[in-house]
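As structure tokens, the structure follows; a few thoughts come after it.
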Amino acid sequence: MSFPLLTATAVLPAVGAVATAAVPAAWRTAAKWLALLVSLATLALAVVVLVRFDPGGARYQLTESHAWISDFGVRYELGVDGIAVALIALTALLIPFIVLAGWHDADPLETGSKRWRPTQGFFALILAVEAMVIISFEATDVFLFYIFFEAMLIPMYFLIGGFGDRAHSGSDENAAAQRSYAAVKFLLYNLVGGLIMLAAVIGLYVVAGNFSLAEIAQARANGSLHMATSTERWLFLGFFFAFAVKAPLWPLHTWLPNAMQESTTPVAVLITAVVDKVGTFAMLRFCLQLFPEASKWATPAILVLAVISIIYGALLAVGQRDIKRLVAYASISHFGFIILGIFAMTSQGQSGATLYMVNHGISTAALMLVAGFLISRRGSRLIADYGGVQKVAPVLAGTFLIGGLATLSLPGLAPFVSEFLVLVGTFARYPALGIIATLGIVLAALYTLVLYQRTMTGPVKPEVSAMPDLRARELLVVTPLIVLLIFLGVYPKPVTDIVNPAVKQTMSDVHKTDPKPAVEAAK
């Protein structure tokens, strides 16, 4: 039997989570180093997956299949296509930076405080989330995917509710109440979506007789499995609703600003740069592949919701006074672009959407982590409490600027290529929606530059006059992300070469081809 590489990539952080949680309470530093080493080892395995994956080979590679619950057609089936490989690499890449960025975020508070932040639990929960996200990207059995799609809510709930942001202007009791509210809201929204999806998963089994993604798709392709139009549409809506909550898509987005605001900065990055990608990934893997006709039927409504998300998120970002909430609403706008690209049903749009998932993860991590370093120094999330930071901490201000410029998709930085492809793919089939979506770029420039101007330029406020610049550990976190933003902005080919074959197969699943250019059609 060949080495189960995909299983190992998911099991390693899970075992690391258990081992980290078991470290004695007095050995907090050892727990941190253990979590970091496990995350680096997981990254090494993800690199092996990336190297062994052949973009020109079979659709699903490095496959594993074992009987699990035979009476109900449930199997332990794993496999990766180009899209999954790219997102596994993104997840494994970001977790070490998240661990380093949160090195002191779960340390005990001041001496004599009744509050205690269990360091081991914090890092163990991060590794547990990593394991569940990775296996969600690998699962090709619908039931297996559903289990981990839902299970990741548990560690995320405790990360949000149990480890809040220290930059809180209210009392400890008020801060705890707000953390609890954000955690419960996150859990309820996603549980409702998951329960609706569970009904659809059961319905799929009743119709197909098994949960294997490959077998169901093959049966649909050769005509041995036929779904009534109404059945397919209801099943599609059940799956899509859960993924739209996770993504998040307007109007199911309202849990995200609260969750990001009340979380520690590393957990906020974990939410929007890692966990939320499972929703958009699942739209490509499950919605389009299992329910191609229903996907085309729902496309007009989904595209309208995506455009609303783009404009709505950007407009609310412009008016924010809290740095973390601004980044949260900016992310809602960016996820609108991703979903727009997926359902534009063009190869450029879907390639751009997949590339956007990767680039958004890197750019949001860079911006949010630097913002977190800034907030930890001043002890406030309010934009109005800053001013003149670039004069006292120029490196911090410079990295903050690069992260912000990446967020507004400046040419030469990674998100520009993906946003450009999404808009080109949308214009090719839905020019009116493409024009409206372009307004999101203008608004992104507004909220990003206003944020930088209000926090980094102008007179130096007394409260920031002694602010230290980025330390060695913080530079170690930020520098590789900045390098990646520049490299993928200039040379995105390594990622597009991996994802494009999978995109072509997805286009084939929904029986769509790219529209011919107007000039060629006129000839």
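Atom set for the values below is all heavy atoms of this structure, side chains included, hydrogens, waters and symmetry mates excluded.
- Looking at every heavy atom in both residues, E138 comes nearest to A10 through OE1-CB, 4.0 Å.
- Scored by the salt bridge (Lys or Arg N to Asp or Glu O under 4.0 Å) test, K32 finds D107 as partners (sequence neighbours excluded).
- Note on ring orientation: taking the six-membered ring where Trp is involved, the planes of F286 and F243 are tilted (angle from 30° to 60°).
- In this structure a side-chain-to-backbone donor-acceptor pair under 3.5 Å is present from H334 to T407.
- No donor-acceptor pair closer than 3.5 Å links the side chain of R321 to the backbone N or O of I383.
- Y329 pairs by the ring pair (Phe, Tyr, Trp, His ring centres under 6.0 Å) definition with nothing, not counting sequence neighbours.
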**Report entry** CA sep, side-chain torsions, deciding dist, call: S212, E77, side chain to side chain donor-acceptor pair (under 3.5 Å)
**Finding:** CA-CA 8 Å; S212 173; E77 287 190 347; 3.1 Å; yes

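- Donor-acceptor pairing under 3.5 Å is recorded for the side chains of S331 and T272.
- Taking the salt bridge (Lys or Arg N to Asp or Glu O under 4.0 Å) definition, one finds that E150 meets it with nothing, sequence neighbours left out.
- Between the side chains of N500 and S351, at least one donor N or O sits under 3.5 Å from an acceptor N or O.
- Between the side chains of T254 and Y189, a donor-acceptor pair is found at a separation under 3.5 Å.
- When only modelled atom types and interatomic distance are considered, Q390 and T457 share no side-chain donor-acceptor pair under 3.5 Å.
- Two rings, from F335 and H253, have their centers 6.0 Å or more apart.
- For residues 79-101, no residue pair satisfies the ring pair (Phe, Tyr, Trp, His ring centres under 6.0 Å) rule, not counting sequence neighbours.
- Contact check on R75 versus E64 returns no salt bridge, with no Lys/Arg side-chain nitrogen under 4.0 Å from an Asp/Glu carboxylate oxygen.
- Taking D81 as the reference, R285 meet the salt bridge (Lys or Arg N to Asp or Glu O under 4.0 Å) condition, with sequence neighbours excluded.
- A donor-acceptor contact closer than 3.5 angstrom is absent between the side chains of T506 and Q350.
- Of the possible donor and acceptor atoms, none in the side chain of W255 sits under 3.5 Å from a partner among the backbone N and O of V184.
- Applying the ring pair (Phe, Tyr, Trp, His ring centres under 6.0 Å) test to pairs two or more places apart or on separate chains, none has a residue in residues 368-390.
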